[in-house]
Amino acid sequence: QARAKREEAKALLAAGRDPSGPAPEERPTSGPTFGEVMGEWLEAQEAAWSPAHAVRTRSRLKTNVLPDLGPLPIAGITAPVILATLRKIE
């Protein structure tokens, strides 16, 4: 039984899917996206930041985070998804 599960996990990895996370068809597909929430958060924070810091922060998020997480619904973002995004930035 454990060997069968190992083979399933290997097949998922070979297909580019995370064996520890839910299948794409099981993830939520509606609700606010990360990009929408990030935009609202940035607008709320920018008043307290210097203009240079605001530009730098917005640029870094847009370049490094938004391509991967932007279109995803907040409810569908899991720890492995965030970790994969962070590893790209390293």
Side-chain angles (χ1 to χ4, degrees):
Q1 188 178 12
R3 289 183 181 153
K5 288 190 181 238
R6 181 193 68 204
E7 293 305 316
E8 285 178 34
K10 280 185 171 182
L12 288 172
L13 284 171
R17 292 196 21 221
D18 179 8
S20 66
E25 59 274 3
E26 296 172 359
R27 293 186 188 133
T29 57
S30 63
T33 65
F34 180 85
E36 293 167 348
V37 173
M38 184 191 83
E40 293 171 9
W41 178 80
L42 281 171
E43 286 178 20
Q45 297 300 314
E46 285 178 343
W49 294 342
S50 71
H53 179 71
V55 168
R56 201 171 39 248
T57 301
R58 184 178 290 276
S59 175
R60 287 177 181 166
L61 286 170
K62 185 177 178 183
T63 301
N64 298 314
V65 178
L66 213 50
D68 293 336
L69 301 180
L72 299 178
I74 291 291
I77 298 175
T78 61
V81 172
I82 294 171
L83 187 58
T85 300
L86 293 174
R87 285 190 173 144
K88 288 179 185 179
I89 298 169
E90 288 183 314

Open item on the list: Rounded at 0.5 Å granularity, tell me how far OG1 in T33 sits from CD1 in I74.
Closed with: 7.0 Å

TODO: Could you pull out the closest heavy-atom pair between L66 and P71, with the gap in Å?
DONE: O-CD, 3.7 Å

Only distances under 3.5 Å count here; give the side-chain donor-acceptor pairs of residues 82-90 to other protein atoms, sequence neighbours excluded, each with its distance to 0.1 Å.
from, atom 1, to, atom 2, distance (Å)
T85, OG1, V81, O, 3.1
K88, NZ, D68, OD1, 3.1
K88, NZ, D68, OD2, 3.2

Open item on the list: I'd like to know whether CZ of R6 has more than 12 heavy-atom contacts from other residues, nucleotides or ligands below 6.0 angstrom.
Closed with: yes

Open item on the list: If I compare all heavy atoms of P73 with all of G31, which pair ends up nearest, and what's the gap?
Closed with: CB-O, 4.5 Å

Task: CG on L69 to CD1 on I77, rounded to 0.5 Å - done: 5.0 Å

Open item on the list: For V55, is there any backbone N or O sitting under 3.5 Å from a side-chain donor or acceptor partner on S59?
Closed with: no

Task: Check: F34 and L61 side chains under 4.5 Å, non-hydrogen atoms - done: no

Task: Value rounded to 0.5 Å, distance of NZ in K5 from CD in Q1 - done: 6.0 Å

